[in-house]
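These notes concern the structure reproduced below.
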Amino acid sequence: MTSSSSAKTLVKTILKTPQTLKTKFQAKQLHAQFLKTQPHSPSSTSILISIYTNFNLLQDSLFLFNSLSPPPLPAWKSIIKCYANSGLFLNCLTCFIQMRGFGICPDHKMFPFVLKACVFLKNLRLGESIHGCIIRLGWDFDLFTGNALLNMYAKFQSLEVNGGYKVFTFNMLDGMPKSDELCERLAQEKGKSVIQLDSVTKVFKMMPQRDVVSWNTVIAGNAQNGMYEEALKMVREMGNANVKPDSFTLSTILPIFAEYADIMKGKEIHGYAIRHRFDSDLYIGSSLIDMYANCAQIEDSCHVFNLLPQRDDISWNSIIAGCVQNGMFDEGLKLFRQMLMAKVTPREVSFSSVMPACAYLTTLHLGKQLHGYIIRGRFDDNVFIASSLVDMYAKCGNIKAARWIFDQMEHHDMVSWTAIIMGHALHGHAYDALSLFEQMEKDGVKPNYVSFIAVFTACSHAGLTDEAWKHFKRMSQNHGITPGLEHYAAMADLLGRAGKLEEAYEFISSMHIAPTGSIWSTLLSACRVHKNLELAEKVAKEIFKIDPGNVGAYILMSNMYAAARRWKDAAKMRIFMKKKGIRKEPACSWIEVKNRVHTFISGDKSHPLYDRIFKALKDLMERIEREGYIPDTNEVFHDVEEEQKKYLLFSHSERLALAFGIISSPAGTTIRITKNIRVCVDCHTAIKFMSKIVQREIIVRDNSRFHHFKDGECSCRDYW
DNA sequence: GTAGGGTTAG
């Protein structure tokens, strides 16, 4: 035999057993040999196409496919599969329709790919037409086709439940017939019968045989539609039908227990996963991380994460989101950095999960860095990300940037509206917040529980009691939202700040749920501001009944007694605290300079630049005293000499942070300070003077709102 | 042919 004839035989043998080819390179070698030795028959070309499509080599497959005129069924099959596997669903469908145009009868193995394409392109109409075609050809009894139909209807049901779907308009592909027309033709062929949306059940019931995939598909369909009980019922029925749950089943039902925060059931599933060796499965891993995090068992989430043999972007994101949602902000940011170092590319979800950490910690430089990433990744039109950016900029003191991002957004959902309303509320822009709320309702976006908290916060910072009452009534009457603890707290706070102390007392006493210590505490601090010691004593009694270890209440009472010069009562409170081992949280302020956060505690001398800070502060104090500042020593609640009181005020944490900010940043730049408790009255006055003297905008975020100091004035107009 | 993670408050 000559060498060319032996090559010919070899090629023939390989074409009969294409599965023997293990690499793309071998496939290309075969192609080269084929060109030299074989006649170009459509069937042998089709085999080569199928070899290329098995390696997902779309370009090579297409090259051969286009050489066939007309291509036989096997070639269509391969190319449709290859398009679907490459995620080119529009091409996949157009190809299918074009094949039908040639009068070629489809093969049942094509349907799963084509139906998947209909799901991806959200084209129910075409999917139904194809279902008609499947019935006419008698392939509806095929297990794989049935499963694909189940999946398609389940996904369309989800789209229907979760906010509707759009029918995708086809574009013309080069050289392909106009798909709209073909689509129409198929629909006409099918006749007028319309398959209803509850088709999942119909298809499922009519299937002559069902495997674990059929059950999983229906269970997932229910779970994704929020029909959790139905999904769990199906799992039990699946057991009765002697079909064992697999890793797909588990990762589908774990999110249900996460949603229910049912740790017992979640742990049961975890145990089952371990027994069946599913616990190293990536999908189950991320579901477990999320389930534990939702049940506030973040240590267990970390444990699962650490034991995962490999991690993908979703498992990273589950742990990051879990940490952030459980208040472990530093840990969340650390994990985000670790994810980048592990060369895992962050996705949209990663940014919206980690951003609240920057918002909470007021780390503007990190937030800006993430924003840079987001812009480079072109993720800025994602509504989740945009909302988290609005919130981050607002919380970091830059309400202008927050508003700019909000205004740039193409579509606003309830969360983005709420974020910007809350942003303005925290900055004391009550009227902006209320007009945005009005605009939101005009746009037909329904406010939720949180939106009303934002509205009351806005009213609270401007003393708009009538407006607040109006919205409080509308909330339940027009929106069917039952007031919760947060709403009561915001209203109580609002009435208290406005000096309507008795009204607030009545309001809290008549709540339809039992008031908590913290709700009474808002009134207690109002009593301090409005110097009503008599009511304060009454309120404190209520607090100690519910929450005997309430630190804030002891301190407030002690301070109020001290202000009234009732030193013995003040001391009593402090002794009581000592006996009970209750400790006051130290006042703390922090400031970001050159991408580093510097923390100051009241009276703190530990900063390496303390001497310079002290000198600068002393100099500033002398200058503002010349401008007319008089220290308000009423704010110092110790029985000490006036000079000593002045010194105590002098070393308040926000002043140390401010002096540091002034000496370590260029003249004219805005200074942003965050404080863990409320700014005291005297510091508030001092900072107003300082903003004028140093000609800088000073933004202070305390635990309740923002104060923008400029030219001797504060945005809160001294109402806070 | 089937599965997992996100934004507003607290």
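First the proteins, then the strands, lettered A, B, ... as listed; each starts at 1.
- Which of B:dG5, B:dT7, B:dA3 sits closest to the side chain of A:P356 comes down to B:dT7.
- Proximity of A:N317 to the phosphate of B:dG6: no side-chain N or O atom is located under 4.0 Å from OP1 or OP2.
- Nucleic acid contact for A:A148: none, since no nucleic acid atom lies under 4.0 Å from a heavy atom of the residue.
- You'll find that the side chain of A:F248 is closest to B:dT2, out of B:dG5, B:dT7, B:dT2.
- Nearest nucleotide to the side chain of A:A321, out of B:dT2, B:dT7, B:dG6: B:dG6.
- The aromatic rings of A:F437 and A:H471 lie perpendicular to each other, with more than 60° between the two planes, well past the 30° mark.
- Here A:K395 reaches the OP1 or OP2 of B:dA9: one of its side-chain N or O atoms lies under 4.0 Å away.
- Residue A:S287 is in sugar-phosphate contact alone, with no base atom involved, counting any heavy-atom pair closer than 4.0 Å across all strands shown.
- No contact: A:F351 has no heavy atom under 4.0 Å from any strand.
- Residue contacts shown for A:T217 are limited to sugar-phosphate atoms, with no base heavy atom under 4.0 Å away.
- Listed nucleotides: B:dG6, B:dG10, B:dT2. Nearest to the side chain of A:E486: B:dG10.
- Of all heavy-atom pairs between A:L434 and A:C459, the closest is CD2-SG, 4.2 Å.
- At a threshold of 4.0 angstrom between heavy atoms, the contacts of A:V354 with the nucleic acid are absent.
- A:S247 comes within contact range of at least one nucleobase, with a heavy-atom separation under 4.0 Å.
- In this entry the distance linking OH of A:Y292 with P of B:dG5 reads 16 Å, nearest Å.
- For A:S318, whose side chain is taken as the heavy atoms from C-beta onward, the closest listed nucleotide among B:dG5, B:dG4, B:dT2 is B:dG5.
- For A:D313, the salt bridge (Lys or Arg N to Asp or Glu O under 4.0 Å) criterion is met by A:R347, not counting sequence neighbours.
- Side-chain atoms of A:S286 come within donor-acceptor range of the base of B:dG4, with a qualifying N/O pair under 3.5 Å.
- When the side-chain nitrogen and oxygen atoms of A:Q224 are compared with OP1 and OP2 of B:dG4, one or more of them lie within a distance under 4.0 Å.
- Here the nucleotide nearest the side chain of A:D246, chosen from B:dA9, B:dT2, B:dG6, is B:dT2.
- Distance from the side chain of A:V349 is smallest for B:dG6 among the nucleotides B:dT7, B:dG6, B:dT8.
- Checking B:dG6, B:dT8, B:dG4 against every side-chain atom of A:Q325, the shortest atom distance belongs to B:dG6.
- No donor-acceptor contact under 3.5 angstrom links the side chains of A:S287 and A:D290, judged on distance only.
- Of the candidates B:dG6, B:dA9, B:dG4, the closest approach to any side-chain atom of A:D312 belongs to B:dG4.
- The aromatic rings of A:F278 and A:H276 lie parallel to each other, with less than 30° between the two planes, well short of the 60° mark.
- Nearest nucleotide to the side chain of A:D281, out of B:dG4, B:dA3, B:dA9: B:dA3.
- Heavy atoms of A:I219 sit nowhere under 4.0 angstrom from any nucleic acid atom.
- Counting any heavy atom pair closer than 4.0 Å across all strands shown, A:I385 reaches a base atom.
- Partners of A:D142 according to the side-chain hydrogen bond (donor to acceptor under 3.5 Å, both in side chains) rule, which considers only residues two or more places apart in sequence or in another chain, are A:T145.
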